[in-house]
Amino acid sequence: DAKTTQPTSMDCAEGRAANLPCNHSTISGNEYVYWYRQIHSQGPQYIIHGLKNNETNEMASLIITEDRKSSTLILPHATLRDTAVYYCIVISLGTGTASKLTFGTGTRLQVTL
Amino acid sequence: GAGVSQSPRYKVAKRGQDVALRCDPISGHVSLFWYQQALGQGPEFLTYFQNEAQLDKSGLPSDRFFAERPEGSVSTLKIQRTQQEDSAVYLCASSLFEISYEQYFGPGTRLTVT
């Protein structure tokens, strides 16, 4: 699976959009980009995933560049409850017998008043 | 609906003791995973079950770690002769399908070995 690079930490004011970048310059054509987040003292939570088209759900939007070498997770109106560590994971579907997730160290997003 | 539950939430063990950590996955979920999370790090894969079959145990750090899921639902992670380096949060996750990267995680068990 392709390696990802994320900033260690970011701040965002409550009510503003939080844009979390992820670099995956070695991604290959059949690899998806998945995002999870982990709120303090909780287990990780699935947010969204995509292959090459932009995706949106009730939690967030995922923007993937045309060359697929990077992506941005957008939380349109961040709240204090969005303070968490956000993990960007690149996954090759259909390989192996276990769909194990390989987390990095993620981006610690702090939402402030 | 009920999510993934784990017990105990916190466990303190003296070095050398055996511990057993329980995971109750979401009912009907085929796949079950165990992950280990050290302080300040992301979770790391330990082992995977598809129903009652343990198909991947490549992440178990030593033969002191043993996991089972005998009836394809509840799973137990056992650590024998605990060492200080076993101190971590142990996370369980389940998913509906055999191959699924949309996994539902429990709150974890924080193990502290003294």
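The same ILVMFWY cluster, assembled from side-chain heavy atoms under 4.5 Å apart, contains both A:Trp35 and A:Met59. Under a hydrophobic clustering in which Ile, Leu, Val, Met, Phe, Trp and Tyr are joined whenever their side-chain heavy atoms come within less than 4.5 Å, directly or via other members, B:Ile99 and B:Phe45 fall into the same cluster. Hydrophobic clustering (ILVMFWY, side-chain heavy atoms < 4.5 Å, transitive): B:Val19 and B:Tyr90 are in one cluster. Residues A:Tyr87 and B:Phe105 are members of one and the same hydrophobic cluster, defined by side-chain heavy-atom contacts under 4.5 angstrom among Ile, Leu, Val, Met, Phe, Trp and Tyr. B:Phe49 and B:Phe33 sit in two unconnected hydrophobic clusters of ILVMFWY residues. Membership requires side-chain heavy atoms under 4.5 Å apart, directly or through other members.
Counting heavy-atom pairs closer than 4.5 Å to chain B, the top residue among A:Phe103, A:Tyr36, A:Tyr34 is A:Phe103. Ranked by non-hydrogen atom pairs under 4.5 Å with chain A, the options B:Ala93, B:Pro43, B:Gly42 are led by B:Pro43. In terms of heavy-atom pairs under 4.5 angstrom with chain B, the leader among A:Arg108, A:Gln38, A:His49 is A:Gln38.
Neither the backbone nor the side chain of B:Tyr104 comes within contact range of chain A; no heavy atom of the residue lies under 4.5 Å from a heavy atom of that chain. Contact of B:Gln37 with chain A is made through the side chain alone, with heavy-atom distances under 4.5 Å. Proximity to chain B (any heavy atom under 4.5 Å) is shown, for A:Tyr32, by neither the backbone nor the side chain. Both the backbone and the side chain of B:Gln103 come within contact range of chain A, each with at least one heavy atom under 4.5 Å from a heavy atom of that chain. Only the side chain of B:Arg9 comes within less than 4.5 Å of a heavy atom of chain A; its backbone N, CA, C and O stay farther away. With a 4.5 angstrom heavy-atom cutoff, B:Thr47 does not touch chain A via any of its atoms.
A distance of 10.5 Å separates OG of A:Ser99 from CD of B:Glu102, quoted to the nearest 0.5 Å.
Crowding of A:Leu80 atom CG: a count of heavy atoms from other residues, nucleotides or ligands under 6.0 Å exceeding 12. Counting heavy-atom neighbours within 6.0 Å of B:Glu71 CD, excluding the residue itself, gives a total of 12 or less. Shown here is A:Glu55, whose CD atom has more than 12 heavy atoms of other residues, nucleotides or ligands within 6.0 Å.
Side-chain contact between A:Pro44 and B:Leu91 is present, with heavy atoms from C-beta onward closer than 4.5 Å.
Of the possible donor and acceptor atoms, none in the side chain of A:Tyr46 sits under 3.5 Å from a partner among the backbone N and O of B:Tyr101.
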